[in-house]
Amino acid sequence: MRITVFHNSNTKSVHTAADLIAKLKRAGFLVVKNNPEIVITVGGDGTLLSAFHEYAHMLDRVRFIGVHTGHLGFYTDWRDYELDELVASLKGDGSEQIISYPLLDVGVRYAGDNSVTHYLALNESTLKRVSATMVTDVYIRDELFESFRGDGLCISTPTGSTAYNKSIGGAVLHPRLEAIQLAEIASINNRVFRTLSAPVVIAPDEWIDLYPDPKGKDDYVMTVDRFVPKKRLITAIRYRIAKQRISFAGYRHTHFWNRVEDAFIGEKQHG
């Protein structure tokens with residue numbers, strides 16, 4: 001089995017990654033940089049996001065495992081003190097189950113370019129305006145839904161629904177739902193300008209198109225997960241469920257609602 005260990009620069013993560021690599025080699029695994037079958041990330045959710053984008057070109061043949069070295073790991077099933085158990089599970093009886101989650105396809109049209117540039121997001125993509133109110137027409141399945149005015153818009157995956165989407169009032173979606181969610185960021189609602197002012201969940205056979213007002217598009221910033229693609233003038237963005245999916249090696253996998261409870265509620269209260 002070809003395994004890559006991908007870690008952040010935190011001292012604890014560096015030491016944990018070195019320890020893991022040594023254990024994997026002693027167990028007979030091939031630790032590689034290129035063309036892995038499994039990518040083990042050591043750090044937190046940000047580290048796993050970075051690894052996802054590093055290996056996004058080969059999602060059909062790579063699986064991820066997360067080891068977290070901090071306080072919160074929503075995508076990580078293992079702790080830094082469980083390395084022996086993790087290595088043992090990799091040498092198991094072949095009963096691995098693959099857990100896969102939907103991704104967001106972000107198709108962008110830039111000014112002066114007739115082609116569409118595609119990005120993949122594991123959590124979300126946002127469109128914001130830096131120094132003034134963002135004005136953007138929102139279409140759902142080619143029908144005008146609303147003319148948005150506010151700070152920005154966030155389109156998230158089900159797994160990403162617990163990230164930035166949740167912090168701006170979006171709903172938490174189970175990752176088995178093949179859906180994407182649109183959430184408004186500080187929308188303007190008064191007697192002149194109106195938006196739905198509530199999260200919208202889009203069915204898997206639908207899509208969302210954003211058309212920024214040409215008067216302000218030179219001041220718009222688009223993000224894909226926590227990354228900002230090179231700034232260019234955006235004329236339109238289409239969001240839909242991606243054909244690709246991310247796969248996690250399910251040697252041990254925490255139930256989604258247990259993750260949510262652990263991340264946001266903590267120890268269960270009993271009356």
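Between Arg149 and Thr195, the shortest heavy-atom contact is N-CG2, 4.3 Å. For the residue pair Ala249 and Ile65, the shortest heavy atom distance occurs at CB-CG1, 3.6 Å. The shortest heavy-atom contact between Thr47 and Val42 is CG2-O, 3.6 Å. The shortest non-hydrogen separation linking Met222 to Val228 is O-CG1, 3.7 Å. Minimum heavy-atom separation, Arg129 to Lys215: NH2-O, 4.4 Å. When all heavy atoms of Arg79 and Gly70 are compared, the closest pair comes out as NH2-O, 3.6 Å.
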Set out, in order, the CA-CA distance, both residues' side-chain angles and the distance that settles side chain to side chain contact (heavy atoms under 4.5 Å, CB included) for Gln244 and Asp60, then state yes or no. CA-CA 7 Å; Gln244 305 95 318; Asp60 59 332; over 6 Å; no

Go through the steps for Tyr239 and Ser125 under the test side-chain hydrogen bond (donor to acceptor under 3.5 Å, both in side chains), then give the verdict. CA-CA 9 Å; Tyr239 297 99; Ser125 174; 3.2 Å; yes

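Distance check: Met58 CE to Glu37 CD gives 9.0 Å after rounding to the nearest 0.5 Å. Interatomic distance, Leu86 CG to Asp80 CG, rounded to the nearest 0.5 Å: 11.5 Å. Interatomic distance, CD of Gln181 versus SG of Cys154, reported as 8.0 Å (0.5 Å rounding). Rounded to the nearest 0.5 angstrom, Lys243 NZ and Leu120 CG are separated by 12.0 Å. Interatomic distance, Ser13 OG to His15 NE2, rounded to the nearest 0.5 Å: 10.5 Å. The CG atom of Asn123 lies 13.5 Å from the CD1 atom of Ile155; values are rounded to the nearest 0.5 Å.
Residues Glu184 and Ser197 form a side-chain contact, since some pair of their non-hydrogen atoms from C-beta on lies under 4.5 Å apart. Proximity of Asp113 to Thr235: side-chain heavy atoms (C-beta onward) are nowhere separated by under 4.5 Å. Phe52 places a side-chain heavy atom less than 4.5 Å from the side chain of Leu59. Looking at Val138 and Leu210, their side chains come closer than 4.5 Å, going by heavy atoms from C-beta outward. A 4.5 Å side-chain heavy-atom check between Ser187 and Phe193 finds every atom pair outside the cut-off.
The main-chain N or O of Asn114 is found under 3.5 Å from a side-chain atom of Arg109 such that the two form a donor-acceptor pair. For Arg245 (side chain) and Ser100 (main-chain N/O), a donor-acceptor pair under 3.5 Å exists by modelled atom type. Proximity of a side-chain donor or acceptor of Glu206 to a complementary backbone N or O of Arg141 within less than 3.5 Å is not detected. Looking only at distances, no side-chain donor or acceptor of Asp225 sits under 3.5 Å from a matching main-chain atom of Phe227. Looking only at distances, a side-chain donor or acceptor of Arg2 sits under 3.5 Å from a matching main-chain atom of Asn34. Between the side chain of Asn165 and the backbone N or O of Ala171, at least one donor-acceptor pair lies under 3.5 Å.
Using a 30° and 60° split on the angle between ring planes, Phe64 and Tyr55 fall in the perpendicular class, above 60°.
Screening Ile40, Thr4, Leu24 for a side-chain contact (heavy atoms from CB on, under 4.5 Å) involving Val31 leaves a single residue, Leu24. Here the rule is side-chain contact (heavy atoms from CB on, under 4.5 Å) with Leu122, and of Leu104, Thr157, Thr159 only Thr159 fits it.
Linking ILVMFWY side-chain heavy atoms closer than 4.5 Å, directly or via other members, places Phe148 and Ile140 in a single hydrophobic cluster. Cluster annotation: Ile38 is not connected to Val32 through the hydrophobic network of ILVMFWY side chains, with a link wherever side-chain heavy atoms come within less than 4.5 Å. A continuous path of ILVMFWY side-chain contacts below 4.5 Å connects Leu103 to Tyr101, so both sit in one hydrophobic cluster.
Partners of Glu54 by side chain to side chain donor-acceptor pair (under 3.5 Å), not counting sequence neighbours: none found.
Geometrically, Lys23 does not engage Phe29 in a cation-pi contact defined by less than 6.0 Å to the ring centre and at most 45° from the axis.
Salt-bridge check for Asp142 with Arg238: passed, with a basic side-chain N closer than 4.0 Å to an acidic carboxylate O.
When only modelled atom types and interatomic distance are considered, Thr223 and Thr126 share a side-chain donor-acceptor pair under 3.5 Å.
Open room surrounds CZ on Arg176; 12 or fewer heavy atoms of other groups in view lie less than 6.0 Å from it.
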